[in-house]
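Please read the structure below before turning to the comments.
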2 protein chains.
Amino acid sequence: MNARKFKRSGCFTELKDRIIETSLRLFERHGFHGVSVQEIVKKSGSSKGGFYHHFQSKEELLFVIHDYFASYVLTKAQEAMSSSIRPTDKMQRIIQSFVKAFDLYKPHISVFYQESIYLKPPYDQAIKEKRKQYKEAIFSIIQEGIDKGEFRPELPVQITSMSILGMVNWSYKWYKRDGEKTIDEIANIYVDLILHSLLTDQAKQDAAFQSYFLNDPLDSYSN
Amino acid sequence: MNARKFKRSGCFTELKDRIIETSLRLFERHGFHGVSVQEIVKKSGSSKGGFYHHFQSKEELLFVIHDYFASYVLTKAQEAMSSSIRPTDKMQRIIQSFVKAFDLYKPHISVFYQESIYLKPPYDQAIKEKRKQYKEAIFSIIQEGIDKGEFRPELPVQITSMSILGMVNWSYKWYKRDGEKTIDEIANIYVDLILHSLLTDQAKQDAAFQSYFLNDPLDSYSN
DNA sequence: ATAACAAGACCAACTAGTCGGTCTTACATA
DNA sequence: TATGTAAGACCGACTAGTTGGTCTTGTTAT
């Protein structure tokens, strides 16, 4: 019904999206400064005019890419936080939602981490704020887990949080969609590793927490 | 005794080192493409002639910085690997040596990870090879740990290795020398987290492994 | 004499961004 | 239904500036 969706070129993808997708692929491989605007517009079948009609500057394009991913992940985290009660369960959900984002937004994420240093004022502020919110979500889960007796009290909240974030974030350096593990398998491995680090001995033996762990391959012979 | 060390300027640091140190600080903050050769030579109190006397190109300077850190860490890893017998102990030593490198080479490491995408042939090959060797060192420790019954057999070697590497590597994003934890404390936290993930229940209860863990703060009241 | 620089003019290549202009489309008017 | 018009989408030649790198000349210490 909305006629604006039909472009005169007969193609349904809008130019703006085409530019973003093209530059995403180029930035991922060659970096923000390794790709010129000329190359972007050429490879996306566009022009300088088209580019600057949609973006105020090359840096705004970088910001759009950053924000796209940051907003998505933060939203998912907030969903996971409010959808559950047990800290352990929140942690599982937040990890799973994050790891799954690698499957959807690998190029965004690569650009997000690789080129974050090149985002300058005023663009960097909005992104920094979202990073901070995400970090604090993890902090609060771990603190809550300690308070409720699920997580080990001797763990320092901030360093533990940062090591979890590092572990998961680093995936962008090596994850490939056609690798031997699916993204869900990887997420489950992370959950297993993280919860083995976090949970108290008591919680680990609780039957309610067994489903978060990987199965011991030898277990299959034991019944 | 070596007279070459005495520069006519009255300063003992050689120009080459001064250039490297200056560019290190600049690259860390503004990125490889955010700093021009002009700025480097100006801020290091040098000149273009001096710069190109020591470096064939700006990219060779980037390579030198990369190689400096990569060689150091790889050497340390190999030392740790051959200095011990138990996989658990190897893991502790390799983590500690790596984390300590953050204190010594924070700027090198930042540049190493942030600008790695901008190292182009032929410089990238030598670095890639050293990265690969480091990765495989971790692989072999984990495999050995599983084979010897210290580490949980259900863990997939590669993903587990990558998550350890990610956890530690990520430190460059947030570690500050004047933070509230010392670098040794951070290393011990990492070792605790990692070994809680890796060790079998049996090994965890073994008295020989207790020294790798953080103390439960409540324990101090229990005797 | 020679190596280790300093100083800086200079160049070719390249870059982000601009600007005048063209073509569609939507919509108001008659 | 036909038509005028304004807005938005897009093109591409062009500009002004920057960059890595070269080269020449001169100076100092050994």
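Protein chains get the first letters and strands the later ones, always in sequence-line order, with residue 1 at the start of each.
Rounded to whole angstrom, the span from the CD atom of A:Q38 across to the P atom of C:dA13 amounts to 15 Å. Between the OH atom of B:Y52 and the P atom of D:dT19 there is a distance of 12 Å, rounded to whole Å. Between the P atom of C:dT15 and the CG atom of A:L26 lies a distance of 13 Å, rounded to the nearest Å. Between the CD1 atom of B:I19 and the P atom of D:dG21 there is a distance of 13 Å, given to the nearest Å. The nearest whole Å value for the distance from the CZ atom in A:F32 to the P atom in C:dT15 is 13 Å. Summarising the geometry, the separation between CZ on B:F55 and C1' on D:dG20 is reported as 15 Å, rounded to the nearest angstrom. Following rounding to the nearest Å, B:H33 (NE2) and D:dT19 (P) show an atom-to-atom distance of 13 Å. The distance from atom CZ of B:R18 to atom P of C:dA6 is 7 Å, rounded to the nearest whole Å.
Taking OH of A:Y113 as the reference point, atom CZ of A:F69 lies at 5.0 Å (rounded to 0.5 Å).
Between A:S47 and the phosphate of D:dC11, there is a side-chain N or O to OP1/OP2 separation shorter than 4.0 Å. Distances shorter than 4.0 Å separate none of the side-chain N or O atoms of A:H53 from OP1 or OP2 on D:dG8. Between B:H54 and C:dC5 there is a side-chain polar atom (N or O) within less than 4.0 angstrom of OP1 or OP2. Dashed line: the shortest gap from a side-chain N or O of B:S46 to OP1 or OP2 of C:dC5 is not under 4.0 Å. Between A:K48 and the phosphate of D:dC11, there is no side-chain N or O to OP1/OP2 separation shorter than 4.0 Å.
Comparing atom distances between the B:K58 side chain and each of D:dC11, D:dG21, C:dA16 picks out D:dG21 as nearest.
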Checklist entry - Step by step, would you call A:Y134 with A:F98 a ring pair (Phe, Tyr, Trp, His ring centres under 6.0 Å)? => result CA-CA 11 Å; A:Y134 199 87; A:F98 198 5; 5.3 Å; yes
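Annotation: cation-pi geometry not satisfied between A:K58 and A:F51 (NZ/CZ under 6.0 angstrom from ring centroid, within 45° of ring axis).
In this structure, a donor-acceptor pair under 3.5 Å is present between the side chains of B:Q96 and B:N188.
Using a 4.0 Å heavy-atom cutoff across all strands shown, B:V35 reaches sugar-phosphate atoms only and no base atom.
Two residues are said to be in side-chain contact when any heavy atoms from C-beta on lie closer than 4.5 Å; A:Y172 and A:E28 fail this criterion.
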